[in-house]
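Notes for the one structure printed next.
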Amino acid sequence: MRTLREYEAVARERLDPVHYDYFAGGAGDEVTLRANEEALARLALVPRVLRGGARRELGVTLLGTAASMPVLVAPTAFHRLAAPDGERATVRAVAAADTIMIVSMASTVAVEAIAAEAPGAKLWFQLYIQPDLGFTEAIVRRAEAAGCGALVVTVDSPALGRRERDDRNGFHDLPDGLYCENLRFGDSPGHVRQIAMSPEISWDHVAWLRDVTDLPVVLKGVLHPEDARLAADAGVAGLMVSNHGGRQLDTVPATIDVLPDVVAAAGGLPVLMDGGIRRGTDVLKAIALGASAVAIGRPVVWGLAAEGEQGVKGVLERVRDEVDHALVQCGCASVRDLDRTFVR
């Protein structure tokens, strides 16, 4: 079974170099991109011994959705750049793993088709609130109709990050024949909008969204504790500590470094984390520091590019196996046994 890094090596060989750079790259000098993994590597696990546990429980329930492990699939765009089936292959693998896929608003397969590909799959939907609230509501209705269990609202994108790899490669749009299918309006192939990132999006828009849907709302991209407090006051259902995989503002902190402060400020809201998770030991560190679960993005794309559906299955099976093994080594019967004493 390949490690997650080995899947990336295979994917790099198979992908168009321009598309590899799109998936792998970050903003600016990619300081934050590197920091996410480096910060996790600096932390040490401190195991307990002689605990007498023979079985482990990896499952978690998040906002009413059960997952077989505390590892979700983060929203990543353009899966059909990685494999012809794109998000269809991804969702089949995620359904087999019995975890949650956060469908990207910029997916190259429509949310309805993703849901139909794997009936019963556990889906949440990533949303960028658009200045056109009518269009935003139409997308929300599509996510509801497709059976998505939550909206994961990306809030760290008032403008597109400056990704210098994409600038050098001239990669600023999808190849002919591929579209962001969740942004389609009407039946014509040309009727597909661009995601509008606007600095005018505010807490008022979050309040509006809560008024137009009964789905739980998770805010993705929270790094500052004061924003966690405001989110709790705003009545959202959860938070995701995320720096967009280092793709938005360079030199912001690694997610694991701010996680404890956000958890402390969140008033008991479930807090998820993404950014730099490459091993099961990384998962345990995040949970010990207060995360309810983590999400992985790039490793899923690497598995998809390397081996299609089987590659995504391999990535998820590998991380599950590593989480289980690390729990054994830490003397834990459940991910709920972890706390801050296990990390230094």
Side-chain angles (χ1 to χ4, degrees), residues 32 60-65 67 70 72 74-75 100 102-103 105 123-137 139-141 143-144 148-159 161 195-245 248-249 252-275 286-295 336 338-340:
T32 297
V60 296
T61 299
L62 302 164
L63 306 181
T65 304
L72 284 60
I100 298 166
I102 307 174
V103 176
M105 185 160 153
L123 305 179
W124 292 358
F125 187 81
Q126 179 215 20
L127 179 72
Y128 291 88
I129 296 176
Q130 301 293 279
D132 182 342
L133 294 182
F135 184 57
T136 304
E137 184 172 355
I139 296 173
V140 169
R141 298 291 174 246
E144 290 172 338
C148 294
L151 296 175
V152 179
V153 181
T154 295
V155 294
D156 63 359
S157 303
I195 292 176
M197 297 183 179
S198 170
E200 297 179 3
I201 303 301
S202 71
W203 291 104
D204 289 341
H205 292 84
V206 175
W208 168 85
L209 181 63
R210 291 193 63 237
D211 283 342
V212 300
T213 183
D214 291 329
L215 289 179
V217 173
V218 177
L219 300 188
K220 177 182 181 290
V222 175
L223 298 175
H224 198 294
E226 186 58 30
D227 287 332
R229 294 185 189 97
L230 291 170
D233 291 343
V236 303
L239 303 175
M240 183 178 289
V241 173
S242 175
N243 53 35
H244 218 108
Q248 277 298 103
L249 176 63
V252 302
T255 50
I256 196 70
D257 286 341
V258 301
L259 174 66
D261 288 343
V262 171
V263 170
L269 291 177
V271 177
L272 291 80
M273 190 198 90
D274 67 9
I287 293 174
L289 292 177
S292 300
V294 303
R336 286 173 285 280
L338 294 162
D339 59 35
R340 294 188 67 165

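Count residues from 1 along the sequence. Computed from heavy atoms alone, side chains included, the values below leave out hydrogens, waters and symmetry copies.
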Considering all heavy atoms, the nearest [X]-[Y] contact:
{"X": "M273", "Y": "A291", "answer": "CB-CB, 4.5 Å"}
{"X": "R340", "Y": "P260", "answer": "NH1-CB, 3.9 Å"}
{"X": "H244", "Y": "S157", "answer": "CE1-OG, 3.4 Å"}
{"X": "L259", "Y": "A286", "answer": "CD2-O, 3.4 Å"}

Report the residues that fulfil side chain to side chain contact (heavy atoms under 4.5 Å, CB included) with [X], sequence neighbours left out, ordered by chain and then residue number.
{"X": "A143", "answer": "F125, C148, L151"}
{"X": "T61", "answer": "A66"}
{"X": "A264", "answer": "none"}
{"X": "L269", "answer": "A232, V236, L239, A266"}

**Residues forming a salt bridge (Lys or Arg N to Asp or Glu O under 4.0 Å) with D339, sequence neighbours excluded** = none

**Asked** Who passes salt bridge (Lys or Arg N to Asp or Glu O under 4.0 Å) against D156, sequence neighbours left out?
**Response** none

Show every donor-acceptor pair shorter than 3.5 Å between a side-chain atom in residues 220-230 and any protein atom, with sequence neighbours excluded, or say none if there are none.
unit_1	atom_1	unit_2	atom_2	d
K220	NZ	S242	OG	3.4
H224	ND1	E226	N	3.0
E226	OE1	R229	NH1	3.1

**Pairwise side chain to side chain donor-acceptor pair (under 3.5 Å) hits with a residue in residues 259-273, at least two apart** = none

**Asked** Are V153 and V206 close enough, and set up right, to give a side-chain contact (heavy atoms from CB on, under 4.5 Å), and what steps lead you there?
**Response** CA-CA 9 Å; V153 181; V206 175; 5.7 Å; no

Hey, can you pull the donor-acceptor pairs under 3.5 Å for the side chains in residues 212-219, sequence neighbours left out?
unit_1	atom_1	unit_2	atom_2	d
T213	OG1	E144	OE2	2.7
T213	OG1	L215	N	3.1

What's the separation between atom [atom1] in [X] and atom [atom2] in [Y], rounded to the nearest 0.5 Å?
{"X": "H205", "Y": "Q130", "atom1": "NE2", "atom2": "CD", "value": "10.5 Å"}
{"X": "N243", "Y": "L249", "atom1": "CG", "atom2": "CG", "value": "9.5 Å"}
{"X": "W124", "Y": "L63", "atom1": "CH2", "atom2": "CG", "value": "4.5 Å"}

**Prompt:** Tell me, do L272 and V152 make a side-chain contact under 4.5 Å, heavy atoms counted?
**Reply:** no

**Asked** Would L62 and S292 count as a side-chain contact (heavy atoms from CB on, under 4.5 Å) if you check the C-alpha gap in whole Å, the side-chain angles of each, and the deciding distance to 0.1 Å?
**Response** CA-CA 8 Å; L62 302 164; S292 300; 3.8 Å; yes

**Request:** Kindly indicate, with the supporting measurements, whether the criterion side-chain contact (heavy atoms from CB on, under 4.5 Å) is fulfilled by V263 and L289.
**Result:** CA-CA 8 Å; V263 170; L289 292 177; over 6 Å; no

**Option passing side-chain contact (heavy atoms from CB on, under 4.5 Å) with M240 (candidates I102, T154, V294, L72)** = I102

**Asked** Under the 3.5 angstrom rule, does the side chain of T255 hit a backbone N or O of D274 as a donor-acceptor pair?
**Response** yes

**Message:** Please check this pair: side chain of E137 against backbone of D132, looking for a donor-acceptor N/O pair closer than 3.5 Å.
**Reply:** no

